[in-house]
Amino acid sequence: MAAQEFFSGLPWWVKWIAVPVIALVVFGSVIATVVGFVVGLLFKALIFVALVGGLIYVVRKFISGSASSRSDW
């Protein structure tokens with residue numbers, strides 16, 4: 001409630017331009033660090049999923065190839 005009363009007498013450009021710009025200047029590095037961490041984590045998760053999928057594909061190919069050569073015996 002106090003924030004609404006505080007901002008009620010100010011012009012629109014203070015509420016919608018000045019305050020967000022000041023927040024970005026003050027907290028910009030924190031926001032960039034968090035976004036960078038999240039993007040890095042998602043990239044690592046994507047790499048992990050691709051590697052595990054590739055491993056499963058190679059193992060299944062190897063097992064199916066060796067099973068067919070065993071049946072030839």
Side-chain angles (χ1 to χ4, degrees):
M1 290 289 190
Q4 286 179 339
E5 294 170 3
F6 181 72
F7 284 118
S8 66
L10 297 175
W12 68 270
W13 60 269
V14 172
K15 290 187 267 189
W16 297 107
I17 297 174
V19 172
V21 166
I22 292 171
L24 282 176
V25 168
V26 172
F27 298 110
S29 63
V30 174
I31 294 170
T33 302
V34 169
V35 169
F37 176 76
V38 169
V39 168
L41 193 63
L42 288 174
F43 180 73
K44 289 178 183 178
L46 182 65
I47 295 295
F48 175 75
V49 168
L51 289 174
V52 169
L55 178 66
I56 291 171
Y57 176 78
V58 168
V59 167
R60 285 189 177 174
K61 278 292 205 186
F62 180 74
I63 288 175
S64 68
S66 66
S68 64
S69 65
R70 270 193 242 144
S71 64
D72 292 342
W73 282 64

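Placement of Leu55 and Ile63 within a single hydrophobic cluster is found when ILVMFWY residues are connected by side-chain heavy-atom separations under 4.5 Å, directly or transitively.
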With a cut-off of 3.5 Å and sequence neighbours excluded, list every side-chain donor-acceptor pair involving residues 10-38.
{"from": "Thr33", "atom 1": "OG1", "to": "Ser29", "atom 2": "O", "distance (Å)": "2.7"}

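Not a single side chain to side chain contact (heavy atoms under 4.5 Å, CB included) links Val58 to another residue, sequence neighbours left out. Residues passing the side chain to side chain contact (heavy atoms under 4.5 Å, CB included) test with Ile47, sequence neighbours excluded: Phe43, Leu51.
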